[in-house]
Amino acid sequence: MRPVRFLSAAEFAATLGARAAGFAAPPGVAEAVAGILAAVRERGDDALVELTARFDGVALAPGELEVPAARVAAAREEVPREVLAALRTMRQRLEAFHRPQLPQAYRIEEPGGNVLGMEVRPLRRVGIYAPGGRASYPSTVLMCAVPARLAGVEEIVLCTPPGPGGAVDAAVLAAAAEAGVDRVFRIGGAQAVAALAYGTASVPRVDKIVGPGNVYVTEAKRQVFGTVAIDGLHGPSEVAVVADEGADPAWVAADLLAQAEHDPLAVCVLLTPSEGLARAVVAELERLLASAPRAEVARAALEGQGMIVVTADLAEAVALADELAPEHLELMVADPEPWLGRVRRAGAVFLGYHAPVPAGDYAAGTNHVLPTGGTARFSSGLGVADFVRRMDYFHGSAAGVADWGPASALLAEREGLPGHAAAVALRLAAARERAAAN
């Protein structure tokens with residue numbers, strides 16, 4: 001059995017038409033999450049302690065939910081020197097890429113004396129969720145905390161599940177220290193989202209929750225949205241690779257496998273006008289799967305959602321990838337820049353033969369918290385702008401009422417809001433009186 005399906009362009013287009021975009025929790029998850037959220041909202045730290053014991057097998061007292069600041073700082077001395085150096089390289093490259101993203105305030109002064117403008121204000125407190133437990137993801141800590149810190153967020157709070165024995169991985173703590181995270185809590189799952197959304201005696205309530213997690217975390221974010229802001233609802237990872245005949249099939253296969261090893265539900269698609277490349281990639285996938293450490297997970301993803309589409313030309317390949325609106329899009333072609341202009345819908349785009357998605361997962365500098373499930377049609381990856389508010393302002397002048405007053409009064413009357421019109425009419429009358437007096 002092939003590790004992936006071969007589809008025609010028409011067959012692939014049909015799968016896109018049947019695709020349900022966005023996140024949908026499996027049966028029973030929404031109800032379970034609602035119960036967890038209610039327990040934390042009603043009983044605070046006591047519920048967090050009980051849920052941590054139930055789901056993580058770790059017994060903590062309420063006072064032990066937070067990792068002491070000294071422990072976080074000390075982690076930089078505990079991780080291997082090369083790991084700390086890699087985290088610092090990643091932080092520096094993230095800072096360089098994200099710093100120009102900060103929205104700029106502006107001010108417009110009109111001849112009549114009115115002033116319109118926009119101010120930019122950072123969020124006061126942000127919560128980061130970093131998956132953990134048996135695995136750890138220091139990269140996610142940096143991806144979320146670096147743009148938040150650049151935005152000027154006053155307080156950054158991190159929740160991550162405790163590992164066996166209750167400890168948090170030293171690399172995660174080192175990443176938190178490097179990125180300037182203010183407080184770290186060893187709390188995972190939907191209960192962590194609840195604590196950040198509602199606040200408890202130990203965990204402060206935040207304005208926004210960011211970061212990926214499992215289906216329970218994602219469903220919890222969906223349910224608390226409106227109480228707090230969220231960055232998005234992140235599902236299984238996705239990659240679409242558009243490759244020409246010059247692409248190395250071993251590299252293409254490796255990049256597909258890199259996404260497949262994330263999750264049995266990961267989506268991995270190759271679109272190419274070269275049938276020879278397509279068949280060579282299948283052979284390479286079989287070879288790699290024979291010795292891959294996460295072969296069982298990767299094979300499940302490839303057999304379930306892996307697709308290879310032989311297109312008429314590169315233009316059709318790029319167009320189909322754009323319809324997919326994938327989390328990650330690789331343009332593994334000899335001259336990728338002209339094709340970038342044709343891409344409208346992708347979370348992040350990786351150009352050329354030397355830009356695999358794992359570069360963006362770690363130290364390229366771009367962010368790896370990206371829209372999934374086709375939501376790149378309308379949403380973007382995490383960035384500095386996600387951690388600020390735009391605040392409009394208007395400073396009206398006596399002389400400038402004539403610029404906006406008549407149109408405002410007319411439209412207010414047209415919409416059946418006479419009180420609105422009257423408030424404007426008072427200013428217009430005063431302006432006419434001043435004009436008559438002069």
Please identify each residue that fulfils side chain to side chain contact (heavy atoms under 4.5 Å, CB included) with A301, with sequence neighbours left out. A260, A266, Q305

Ignoring hydrogens and angles, tell me if any N or O in the side chain of [X] forms a donor-acceptor pair with the backbone of [Y] under 3.5 Å.
X    : Y    : answer
R186 : E64  : yes
D207 : R124 : yes
E66  : G63  : no
E327 : E238 : yes
Q223 : A30  : yes
T375 : P371 : no
K221 : G211 : yes
R344 : D322 : no
T200 : A195 : no
T52  : L48  : yes

Please determine whether a side-chain nitrogen of the Lys or Arg among R389 and E119 lies less than 4.0 Å from a carboxylate oxygen of the Asp or Glu. no

Could you tell me the separation between the [atom1] atom of [X] and the [atom2] atom of [Y], rounded to the nearest 0.5 Å?
X    : Y    : atom1 : atom2 : result
C268 : H262 : SG    : NE2   : 9.0 Å
L37  : Y198 : CG    : OH    : 4.5 Å
N367 : M143 : CG    : CE    : 5.5 Å
E261 : L256 : CD    : CG    : 12.0 Å
L340 : E337 : CG    : CD    : 6.0 Å
L370 : L329 : CG    : CG    : 11.5 Å

V217 and Y129: side chain to side chain contact (heavy atoms under 4.5 Å, CB included), yes or no, with the steps? CA-CA 9 Å; V217 170; Y129 186 86; 3.7 Å; yes

Show every salt bridge (Lys or Arg N to Asp or Glu O under 4.0 Å) that has at least one partner inside residues 240-254, sequence neighbours left out. none

Tell me whether the count of non-hydrogen atoms from other residues, nucleotides or ligands lying under 6.0 Å of [atom1] in [X] goes above 12.
X    : atom1 : answer
F12  : CZ    : yes
Y137 : OH    : no
R342 : CZ    : no
Q92  : CD    : yes

Specify the closest pair of heavy atoms between [X] and [Y], including all atoms of both residues, with the distance to one decimal.
X    : Y    : answer
P162 : I187 : CD-N, 4.3 Å
E284 : A253 : CB-CB, 3.5 Å
N114 : G396 : OD1-CA, 3.5 Å
A25  : E219 : CB-OE1, 3.4 Å
P212 : T140 : CD-CG2, 3.7 Å
P161 : P131 : CD-C, 4.0 Å

Non-hydrogen side-chain atoms of [X] and [Y] separated by less than 4.5 Å:
X    : Y    : result
V172 : L158 : yes
E316 : P273 : no
P147 : D386 : no
Y393 : R107 : yes
D182 : R149 : yes
Q104 : V120 : no
V357 : D255 : no
P3   : V282 : yes

Take T272 and V252 through the side chain to side chain contact (heavy atoms under 4.5 Å, CB included) test and state the conclusion after the steps. CA-CA 11 Å; T272 179; V252 175; over 6 Å; no

Does the side chain to side chain contact (heavy atoms under 4.5 Å, CB included) test come out yes or no for R5 and E11, once each step is laid out? CA-CA 11 Å; R5 290 176 290 159; E11 289 170 333; over 6 Å; no

Side chains of residues 72-86: which donor-acceptor partners sit under 3.5 Å, not counting sequence neighbours?
residue	atom	partner	partner atom	Å
R76	NH1	E178	OE2	3.2
E78	OE1	R71	NH1	3.3
E78	OE1	R71	NH2	3.1
E78	OE2	R71	NH1	3.1

I'd like to check the side chain to side chain donor-acceptor pair (under 3.5 Å) partners of Y216; sequence neighbours left out, ordered by chain and number. none

What residues, two or more places apart in sequence or in another chain, satisfy side chain to side chain donor-acceptor pair (under 3.5 Å) together with D263? none

The salt bridge (charged side-chain N to carboxylate O under 4.0 Å, His left out) partners of D45 (sequence neighbours excluded) come to none

For Y362, is the NZ or CZ atom of R93 found under 6.0 angstrom from the centre of its six-membered ring and inside 45 degrees of the ring axis? no

Going through the checks in order, is the side chain to side chain contact (heavy atoms under 4.5 Å, CB included) test met by V369 and D231? CA-CA 9 Å; V369 181; D231 56 342; 3.5 Å; yes

Parallel, tilted or perpendicular: rings of H328 and F350 (30°, 60°): tilted

